[in-house]
Number of protein chains: 2
Amino acid sequence: MKYSRQRELILNTVIRLKGHPTADMVYRALRDELPNISLGTVYRNLRLLSEMGILRRISLPDGADRFDARVDGHDHMVCTRCGRIFDISLDILSGLEQSVTDQTGFQVASHSLVMEGLCKDCQINIQKERGI
Amino acid sequence: MKYSRQRELILNTVIRLKGHPTADMVYRALRDELPNISLGTVYRNLRLLSEMGILRRISLPDGADRFDARVDGHDHMVCTRCGRIFDISLDILSGLEQSVTDQTGFQVASHSLVMEGLCKDCQINIQKERGI
DNA sequence: TTAATAATAGGAATTATTACTGTTTTTAGT
DNA sequence: ACTAAAAACAGTAATAATTCCTATTATTAA
């Protein structure tokens with residue numbers, strides 16, 4: 001694999017944007033620095049970086065895939081009101097794959113867990129709205 | 001909501017096919033009985049039935065959504081070799097949403113958990129292939 | 001029986017993503 | 001530094017899954 005400035009900037013952009021951006025968000029953010037960058041290049045490099053384990057792809061039940069610069073074992077929560085995505089890493093989830101392997105005989109290699117609900121901020125905002 | 005023969009047959013087909021069919025699988029299976037049925041009708045009714053809680057939509061990390069006639073709380077495993085989808089319902093997973101709500105303050109309403117790996121059959125088949 | 005309304009078939013449109021192609025960059029070996 | 005092979009790029013076309021649109025048909029309550 002050869003170096004490319006585009007790939008370097010794509011990776012930096014995912015890291016910089018935090019908030020688990022989509023390919024399109026990365027593309028838009030990059031157009032300031034690289035006005036000619038192609039959306040296909042963004043997709044291809046996000047896929048390559050994810051396959052290499054440098055990024056992590058997050059598939060949500062609907063909408064475009066997200067990309068996460070944090071690649072250690074953790075899961076995600078999506079707030080259905082504000083749309084933000086939060087990391088969760090709980091003890092009960094750490095041994096999840098092994099537990100399922102042990103109890104079912106299915107050899108679990110990976111998993112995808114996405115929780116949906118209301119984040120703390122949105123719970124508070126809903127309370128405020130009700131109060132008015 | 002009015003009755004329709006198409007909707008009734010779509011539901012029966014998901015129940016009959018078992019194996020967590022996609023919209024397209026339901027469509028193909030139905031063409032024997034209803035040669036003129038439209039793919040759009042299948043999609044619309046699968047969506048309606050899922051929104052009503054009569055079916056359950058399963059979103060996998062890639063490929064088309066699946067539909068499940070079993071709507072009680074359970075999760076899924078996808079075999080990466082044969083592609084089959086298996087139900088799992090383990091004790092450790094039953095209180096998952098409540099645990100996350102308690103420990104994070106995020107108000108969890110639903111979740112999607114998909115395990116990937118090798119089913120028992122495929123583990124055995126791989127052993128056999130190695131033996132030859 | 002009829003009028004309203006929901007549902008349909010068939011096709012167009014949308015969204016997310018990958019594939020293709022001719023050109024440009026990168027890089028290893030001279 | 002020079003050059004040839006390989007990789008990556010930009011731009012565009014293609015694909016897959018799904019929803020939307022519209023004129024017609026089916027269902028149902030009065």
Side-chain angles (χ1 to χ4, degrees), chain A residues 1-14 17 19-52 54-68 76 78 83 85 112 114, chain B residues 1-14 17 19-52 54-68 76 78 83 85 112 114:
Chain A
M1 172 176 267
K2 286 177 182 170
Y3 167 85
S4 91
R5 179 159 140 72
Q6 284 86 340
R7 182 153 50 232
E8 182 173 38
L9 287 172
I10 287 164
L11 175 57
N12 288 345
T13 302
V14 175
L17 287 181
H20 312 88
T22 62
D24 197 64
M25 289 173 190
V26 173
Y27 174 65
R28 285 172 202 279
L30 271 171
R31 298 200 56 140
D32 296 332
E33 286 175 277
L34 288 176
N36 287 15
I37 195 168
S38 159
L39 183 55
T41 297
V42 174
Y43 269 104
R44 179 166 32 77
N45 281 296
L46 288 173
R47 181 160 43 74
L48 285 172
L49 290 165
S50 301
E51 282 166 0
M52 292 165 67
I54 293 166
L55 290 180
R56 173 151 160 213
R57 183 190 290 263
I58 311 169
S59 292
L60 303 183
D62 40 40
D65 285 359
R66 305 288 180 140
F67 294 87
D68 195 342
H76 297 95
V78 183
I85 294 165
S112 157
V114 180
Chain B
M1 172 176 266
K2 284 178 183 169
Y3 166 86
S4 90
R5 178 160 142 74
Q6 284 86 340
R7 183 154 49 233
E8 182 173 36
L9 287 171
I10 287 164
L11 175 56
N12 288 345
T13 303
V14 174
L17 287 181
H20 312 89
T22 62
D24 198 62
M25 289 172 190
V26 173
Y27 174 64
R28 286 173 202 278
L30 272 171
R31 297 201 58 141
D32 296 331
E33 286 176 278
L34 287 175
N36 287 14
I37 195 167
S38 157
L39 183 55
T41 296
V42 175
Y43 270 104
R44 180 167 29 78
N45 281 296
L46 289 173
R47 180 159 43 73
L48 286 172
L49 291 165
S50 301
E51 282 166 2
M52 291 165 69
I54 293 168
L55 289 180
R56 175 154 159 210
R57 182 190 290 265
I58 311 169
S59 292
L60 303 183
D62 41 39
D65 285 359
R66 304 289 180 140
F67 294 88
D68 195 341
H76 297 93
V78 182
I85 294 166
S112 156
V114 180

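For the numbers below, each heavy atom of this structure counts, side chains included, while hydrogens, waters and symmetry mates do not. Each chain gets a letter, A, B and so on, in the order the sequences are listed, and its residues count up from 1.
A straight line from CE of Met52(A) to P of dA7(D) spans 14 Å, rounded to a whole angstrom. Rounded to whole angstrom, the span from the CG atom of Leu49(B) across to the P atom of dT18(D) amounts to 15 Å. Following rounding to the nearest Å, Leu39(B) (CG) and dG10(C) (C1') show an atom-to-atom distance of 11 Å. Rounded to an integer number of Å, the gap from CZ of Arg31(B) to C1' of dG10(C) is 11 Å. Counting to the nearest Å, the P atom of dA17(D) and the CZ atom of Arg57(B) are 13 Å from each other. Between Gln6(B) atom CD and dT25(D) atom C1' the separation is 10 Å, expressed in whole Å. In this entry the distance linking CD1 of Ile10(B) with C1' of dA9(C) reads 12 Å, nearest Å. Atom-to-atom, CZ of Arg44(B) to C1' of dA17(D) comes out at 17 Å; the value is rounded to the nearest Å.
Between Asn36(B) and Arg7(B), it is Arg7(B) whose nearest contact on DNA chain C lies nearer the 5' terminus. A residue-by-residue look at Asp65(B) and Tyr3(B) shows that Asp65(B) has its nearest nucleotide of DNA chain D further toward the 5' end. The 5' end of DNA chain C is approached more closely, in terms of each residue's nearest nucleotide, by Leu34(B) than by the other of Leu34(B) and Tyr43(A).
Considering only side-chain N and O atoms, Ser38(B) lies nowhere under 4.0 angstrom from the phosphate OP1 or OP2 of dG10(C). For Ser4(A), a side-chain nitrogen or oxygen approaches OP1 or OP2 of dC9(D) to under 4.0 Å. Within the structure, a side-chain polar atom (N or O) of Arg47(A) is placed less than 4.0 Å from OP1 or OP2 of dT18(C). One finds no side-chain N or O of Arg5(A) lying less than 4.0 angstrom from the OP1 or OP2 phosphate oxygen of dT25(C).
Scanning all heavy atoms of the two residues, the minimum distance from Phe67(B) to Val14(B) falls at O-CG1, 3.8 Å.
Contacts of Asn45(A) with the nucleic acid, taken as non-hydrogen atoms under 4.0 Å apart, involve only primed sugar atoms and P, OP1 or OP2.
Counting only distance, with no hydrogens or angles, the side chain of Arg7(A) and the backbone of Asn45(A) share no donor-acceptor pair below 3.5 Å.
A donor-acceptor contact under 3.5 Å is formed by the side chain of Lys2(A) with the base of dA6(D).
Looking at Arg47(B) and Ser50(B), their side chains never bring a donor and an acceptor atom within 3.5 Å of each other. If you check the side chains of Arg31(B) and Tyr27(B), you find a donor sitting under 3.5 Å from an acceptor.
Contact annotation: the side chain of Glu51(A) never approaches that of Arg57(A) to less than 4.5 Å [non-hydrogen atoms, C-beta and beyond].
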